[in-house]
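We count ligands from 1, going down the list as the structure has it; atoms in each ligand are counted the same way.
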Amino acid sequence: MTLLQSIAASVAAGRRKDAGKLTSEALEAGIAPAAIVDEALLPAMAAVGEKFRRDEIFIPEMLVASLAMKEAMRLLTPHLVEAGVEPKYTAVIGTVQGDLHDIGKNLVAVMWRGANFKVIDLGTNVPPQAFVDAIKEHRPQVVGLSALLTTTMPAMVTTVKAIRTSDAPPVKILVGGAPITSQFADEIGADAYASDAATAADLAQSLAA
Ligand code: B1M
């Protein structure tokens, strides 16, 4: 088994300490942080989701896997974000109301920091008004909405509407998350849709410029 496969296996099994130890080993071995995310962490979480869908594992297993992924991300984040660079733009991000999934949203936040954004992270289960208030307070160029559940897609609609009809300063809205599509983004009046965190970083830069 390669080091990347071992990291994926430890995350999928929810072995947090192993995930951390192996991630450190991979960094020391000179493996690129983005490769650790793309080739070990993301496939591991996809496999966990597939097992959950097939009723082979349950919520506790999903939860420990997400904690193992977070431990790996904690070690990778400083390597994905360039230190000491004065951010050029500001972005607000959050997972919409009713939705507690934050791993994808956190990944987008890390990539945005790496793309020269100051990121205000509102966390998960964020009510529409909290997005509006944050836009008024921080005056970002871009706001990002994440949703992982089909049942929370309506909260994304409500949030976009709340932002567009508020007296907050104009802002570009970027949406993403597993059930979101570019067609849905168009329908709800978002400015852009990104299928992954790297695309979200590219798009945020062009939206902000
Ligand atoms: Co949940 N869960 N979960 N879960 N969970 C999914 C999403 C699910 C697909 C699993 C499945 O059935 N196969 C399913 C949703 C089904 C659906 O709606 N169609 C599901 C369900 C049903 C649930 C509960 C309802 C289970 C229950 O209680 N019966 C419940 C809901 C709780 C709630 O939110 N109210 C629940 C709970 C949980 C845990 C708490 C146990 C845990 C979350 C822990 C956490 O996030 N801190 C969890 C997990 C871990 C998952 C899976 C396994 C993994 C999600 C993840 O982190 N993926 C997930 C299955 C799966 O995704 N295959 C599943 C890795 C992450 C990097 O990917 O978030 O997709 P993702 O982000 C991607 C892109 O989507 C994109 O970029 C990232 C990649 O670069 N992206 C953006 C995301 N946000 C973006 C924003 C952008 C741009 C791109 O711009 C702003």
Atoms in ligand 1 with a heavy atom of [X] nearer than 4.0 Å:
X	answer
Gly176	82 (C), 84 (N), 85 (C), 86 (C), 87 (C), 88 (C), 89 (C), 90 (O)
Lys70	47 (N)
Gly144	91 (C)
Asp99	34 (O)
Ala197	77 (O), 79 (C), 80 (O)
Gly177	75 (O), 81 (N), 82 (C), 83 (C), 84 (N), 85 (C)
Ile59	26 (C), 27 (C), 28 (O), 29 (N), 41 (C)
Gly98	33 (C), 34 (O), 35 (N)

Check whether more than 12 heavy atoms from other residues, nucleotides or ligands sit under 6.0 Å from atom [atom1] of [X], and answer yes or no.
X	atom1	value
Glu56	CD	yes
Lys172	NZ	no
Lys136	NZ	yes

* To do: Report yes if the side chains of Thr90 and Gln141 come closer than 4.5 Å at any heavy-atom pair, otherwise no.
  => yes
* **Student check: side-chain heavy atoms of His101 and Thr124 closer than 4.5 Å** =>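 Result no, sub-4.5 Å side-chain heavy-atom pair not found.
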[X] N/O to ligand 1 N/O under 3.5 Å:
X	value
Asp196	no
Ser146	yes
Thr150	yes
Leu100	yes
Met69	no
Gly49	yes
Phe52	no
Ala178	yes
Asp102	yes

[atom]: the protein heavy-atom neighbour that sits closest, reported with distance to 0.1 Å:
atom	result
atom 30 (C) of ligand 1	His101 CE1, 4.4 Å
atom 52 (C) of ligand 1	Met62 SD, 3.9 Å
atom 67 (C) of ligand 1	Leu42 CD2, 3.4 Å
atom 74 (C) of ligand 1	Ser195 O, 3.5 Å

* To do: Specify the closest pair of heavy atoms between Pro43 and Asp38, including all atoms of both residues, with the distance to one decimal.
  => CD-O, 3.2 Å
* Answer with yes or no whether the side chains of Ser10 and Asp18 bring together a donor and an acceptor at under 3.5 Å. =>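 Looking only at side-chain atoms, Ser10 and Asp18 do not form any donor-acceptor pair under 3.5 Å.
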* How about Asp202 and Thr199: does a side-chain donor come under 3.5 Å of a side-chain acceptor? -> no
* Asked: Are any of the heavy atoms in Thr151 under 4.0 Å away from ligand 1?
  -> no
So if you build clusters from Ile, Leu, Val, Met, Phe, Trp, Tyr with side-chain heavy-atom gaps below 4.5 Å, do [X] and [Y] land together?
X	Y	answer
Phe184	Val108	no
Val110	Phe117	no
Ile93	Leu80	no
Ile180	Leu203	no
Val143	Val96	yes

Closer than 4.0 Å and a protein heavy atom, does any atom meet both conditions relative to [atom]?
atom	value
atom 33 (C) of ligand 1	yes
atom 59 (C) of ligand 1	no
atom 24 (C) of ligand 1	no

